[in-house]
Colleague: 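Let me give you the structure first, and then I'll get to my questions.
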Amino acid sequence: MAGTNNRRSASTGGNLAILGLAALAFSLAQTSVAPALGDMASSLHTNSQNVTWALSGYLVSAAVLTPVFGRLGDMFGKRRLLVISLVLFALGGAWAALGNSLAVVVAGRVVMGAGGGIFPLCFGIIRDEFPEQRRTGAVGLISATAGIGGGLGLLMGGLLVDHSSYRWIFIAGTVMAVLAAVAAQFLLPESKVRTPGRIDLLGTVLLGAGITAPLVAISQATSWGWTSGRTLGLIAAGLAVLVVFVLVERRTAEPLVDMTVLARRPVLMTNVATLLVGFGMFGVFLLVPQLVETPKASGYGFGGDATRAGLLMLPGCLMMLVAGPLSGVLTARFGGKVPLALGGVVTAAGMGLLAAEHGSQGAVLGGTMVVFVGIGLAFAAMPNLIVDAVEAAKTGEATGVNTLVRSVGSSLGSQVIASILAHSITAPNPLPTEHAYTVSFVVAGAGALVAAVATAFIPRSRRHVQVPILEEVGAAAPLPEPALAADDEGRRHT
């Protein structure tokens with residue numbers, strides 16, 4: 001029996017490593033391009049404003065495709081769609097690496113956005129294939145990879161730009177995705193949990209249009225202006241399309257997104273918290289590197305390069321490797337509300353420390369580590385709350401929407417903070433003021449604190465009891481998967 005259990009544990013660990021590699025490839029690509037924008041602008045003979053589309057195009061594409069791949073995984077097999085997502089991500093990376101014009105690079109980045117499906121598909125595979133006692137921790141670790149990869153992406157991008165070329169950023173992502181795709185195809189089991197149905201083409205088009213318009217407006221708001229006609233018009237148009245999307249989905253027999261599931265209070269309030277924590281996380285990814293790379297002549301900057309900025313954030317990112325599994329332990333014992341609320345409070349505290357003192361590298365390092373512990377706790381709890389609240393057949397769909405919400409929060413946070421910094425710049429001084437950094441840290445912390453408050457409205461989890469140990473088989477026996485899920489009013493859903 002011991003040998004069987006050891007082999008089962010090794011198999012689960014190997015599968016988790018494959019899923020972790022896939023998730024890390026996508027997470028690194030989210031931020032690794034940021035330090036390379038200047039190099040890309042010079043190499044592609046364009047300006048800094050235009051080259052930001054390489055970052056925006058990827059984020060918008062990933063936001064749109066994430067729930068689509070999650071739903072397709074529920075329908076046709078999560079491993080199959082994970083491999084397809086990784087292959088498209090790799091093709092897009094190779095395309096961007098070889099591109100000699102901005103249009104080609106942006107197009108490659110848009111194709112890479114198919115990697116957005118990696119996270120919901122990983123969550124679905126874990127729920128369907130992992131032993132019950134390993135699921136919570138595994139989901140937490142994969143979710144924490146979003147923050148870990150984001151921070152490591154800044155370091156990787158900085159190193160490659162400072163010592164080589166931006167093209168190696170795309171090559172590195174392509175290699176990781178190819179390795180993960182091959183391993184997934186031949187080593188991961190295919191889930192037998194399926195939701196038969198047809199592809200909701202109308203819903204897909206409406207969701208794509210409704211998400212793309214506001215995200216493009218948000219990503220360009222700093223250069224266009226938040227009150228410009230283009231910005232407000234695209235936001236208004238996108239929101240109008242999303243309203244139509246909701247009405248259509250409620251009347252569709254086999255919708256892309258089941259609105260009755262999203263309306264359940266655990267799912268709804270977890271998504272609200274996700275939006276706000278994502279807002280704060282990308283605020284740190286934007287603020288700390290800029291602070292480090294600001295010249296010392298400013299009176300507050302450290303005068304470092306992109307590599308130094310990444311190294312300063314590295315310890316905080318590594319703290320998420322501890323915070324993620326810890327969140328899983330807390331979730332198993334107390335339910336997902338506790339680590340989510342705690343994560344929001346710790347994140348806000350770290351932002352407060354950074355707002356109060358960011359004049360030395362030690363202070364920034366300490367504050368950043370506190371922030372990332374909070375983000376690790378919160379990010380690991382979010383998908384577990386979603387998984388607990390929905391049926392197994394809806395896992396990919398529901399976690400896909402949650403990942404989409406996190407992307408929207410990240411885009412919104414980075415642009416709001418970029419606007420705060422930009423508005424502090426005056427003609428004689430081309431740099432943001434130190435006060436603008438203080439205000440930005442406070443704003444990001446306020447978002448995290450509101451996220452913690454939002455957890456009070458999440459009902460008690462229906463699955464957080466300790467798993468019984470059956471001595472006769474020598475391991476924790478998996479609990480039977482609940483066939484029905486209850487909403488906040490106690491109704492049962494098939």
Colleague: Sequence neighbours excluded, which residues qualify as ring-ring contact (aromatic ring centres under 6.0 Å, His included) partners of F69?
Modeller: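 Not a single residue meets the ring-ring contact (aromatic ring centres under 6.0 Å, His included) criterion with F69.
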Colleague: Below 30° counts as parallel, above 60° as perpendicular, anything between as tilted: where do the rings of Y166 and F170 land?
Modeller: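 Aromatic pair Y166/F170 classed perpendicular.
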Colleague: Under the criterion side chain to side chain contact (heavy atoms under 4.5 Å, CB included), I'd like the reasoning laid out for T368 against L312: C-alpha separation, chi angles, the key distance, then a yes or no.
Modeller: CA-CA 9 Å; T368 302; L312 195 62; 6.0 Å; no
Colleague: Give a yes or no on whether the backbone of L421 and the side-chain of S424 come within a donor-acceptor separation of less than 3.5 Å.
Modeller: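 Between the backbone of L421 and the side chain of S424 there is a qualifying donor-acceptor contact (under 3.5 Å).
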Colleague: With side chain to side chain contact (heavy atoms under 4.5 Å, CB included) as the criterion, how do W224 and V216 come out once you've worked through the C-alpha distance, each side chain's angles and the decisive distance to 0.1 Å?
Modeller: CA-CA 11 Å; W224 292 351; V216 168; 4.1 Å; yes
Colleague: What heavy-atom pair brings G350 and V371 nearest, and what distance separates the two atoms?
Modeller: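 Closest heavy-atom pair between G350 and V371: C-CG2, 3.5 Å.
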Colleague: Out of curiosity, F119 CZ to S85 OG, how far, rounded to the nearest 0.5 Å?
Modeller: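 Those atoms lie 11.0 Å apart.
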Colleague: T331 vs N384, test: side chain to side chain donor-acceptor pair (under 3.5 Å). Steps then yes/no.
Modeller: CA-CA 8 Å; T331 297; N384 276 312; 4.6 Å; no
Colleague: Suppose the criterion is ring pair (Phe, Tyr, Trp, His ring centres under 6.0 Å): which pairs have a residue in residues 396-419, not counting sequence neighbours?
Modeller: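 Matches after skipping sequence neighbours: none remain.
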Colleague: Identify all side-chain donor-acceptor contacts of residues 294-301 below 3.5 Å with residues at least two apart in sequence or on another chain.
Modeller:
residue: T294; atom: OG1; partner: Q290; partner atom: O; Å: 2.6
residue: S298; atom: OG; partner: P295; partner atom: O; Å: 2.7
residue: S298; atom: OG; partner: Y300; partner atom: N; Å: 3.3
residue: S298; atom: OG; partner: G301; partner atom: N; Å: 3.0
residue: Y300; atom: OH; partner: P432; partner atom: O; Å: 2.4

Colleague: List the steps, then state whether side chain to side chain contact (heavy atoms under 4.5 Å, CB included) holds for L239 with V243.
Modeller: CA-CA 6 Å; L239 293 177; V243 170; 5.7 Å; no
Colleague: When you measure from the side chain of S327 to the backbone of L377, do you find a donor-acceptor pair of N or O atoms at a distance under 3.5 Å?
Modeller: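 Side chain of S327 to backbone of L377: a pair is present.
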Colleague: Please round to the nearest 0.5 Å and tell me the distance separating atom CD1 of I142 and atom OG1 of T399.
Modeller: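 Here the rounded value is 12.0 Å.
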Colleague: How long is the span from the CG atom in L215 to the OG atom in S61, to the nearest 0.5 Å?
Modeller: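 Here the rounded value is 11.0 Å.
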Colleague: Ignoring hydrogens, what is the shortest heavy-atom contact between A273 and L340? Give both atom names and the distance.
Modeller: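 Answer, listing the atom of A273 first, then L340: CB-CD2, 4.0 Å.
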Colleague: If you draw a 6.0 Å radius around CH2 in W226, do more than 12 non-hydrogen atoms from other residues or ligands fall strictly inside?
Modeller: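 Yes, because the 6.0 Å sphere around CH2 of W226 holds more than 12 heavy atoms from other groups.
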Colleague: Tell me the closest heavy-atom pair linking V64 and I211, and the distance in Å.
Modeller: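 Where V64 meets I211 most closely, the heavy atoms are CG2-CG2, 3.9 Å.
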Colleague: Donor-acceptor pair, R127 side chain versus V387 backbone, under 3.5 Å?
Modeller: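 The answer is yes, because a donor-acceptor pair under 3.5 Å joins these two groups.
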Colleague: Backbone N or O of F130 within a donor-acceptor pair of the R135 side chain at under 3.5 Å?
Modeller: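 Yes; judged by distance alone, with no hydrogens or angles, the pair exists.
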Colleague: For C317 versus I148, what's the shortest heavy-atom pair and its separation?
Modeller: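 It is O-CG1, 3.5 Å.
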Colleague: Would you say T270's side chain and V267's backbone share a donor-acceptor pair under 3.5 angstrom?
Modeller: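 It does not hold such a pair.
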Colleague: Has the side chain of R109 got a donor or acceptor atom that lies under 3.5 Å from a matching backbone atom of G57?
Modeller: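 No, R109 side chain to G57 backbone: no donor-acceptor pair under 3.5 Å.
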Colleague: Within this structure, what is the CG-CG distance for the pair L321 and L326, rounded to the nearest 0.5 Å?
Modeller: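 Atom-to-atom, L321:CG and L326:CG are 12.5 Å apart.
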Colleague: Using a 3.5 Å distance criterion without hydrogens, assess whether the side chain of T66 forms a donor-acceptor pair with backbone atoms of G116.
Modeller: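 Yes; at least one donor-acceptor contact below 3.5 Å.
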Colleague: Can you measure from CG (L342) to NZ (K337) and round to the nearest 0.5 angstrom?
Modeller: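 Answer rounded to 0.5 Å: 14.0 Å.
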Colleague: Let me know which of T46, L44, V51 forms a side-chain contact (heavy atoms from CB on, under 4.5 Å) with V105.
Modeller: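 One option only clears the test, and that one is L44.
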Colleague: Measure across L154 and P289 and return the closest heavy-atom pair with its distance rounded to 0.1 Å.
Modeller: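 Looking at all heavy atoms of both residues, the closest pair is CD1-CG, 3.9 Å.
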Colleague: Enter the distance from C122:SG to I18:CD1 here, rounded to the nearest 0.5 Å.
Modeller: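 Atom-to-atom, C122:SG and I18:CD1 are 10.0 Å apart.
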Colleague: Would the distance check show the side chain of R167 and the main-chain N or O of G99 forming a donor-acceptor pair, the cut-off being under 3.5 Å?
Modeller: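 At least one qualifying donor-acceptor pair exists.
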Colleague: Checking L152 against L314 for the side chain to side chain contact (heavy atoms under 4.5 Å, CB included) test, could you report, in this order, the C-alpha distance in whole Å, the side-chain angles of both residues, the deciding distance, and whether it holds?
Modeller: CA-CA 7 Å; L152 292 179; L314 179 61; 3.1 Å; yes
Colleague: May I ask you to check whether Y58 and F26 place their ring centers less than 6.0 Å from one another?
Modeller: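 Centroid separation for Y58 and F26: below 6.0 Å.
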Colleague: Tell me the closest heavy-atom pair linking T174 and A90, and the distance in Å.
Modeller: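 Smallest interatomic distance, heavy atoms only, reads OG1-O, 3.3 Å.
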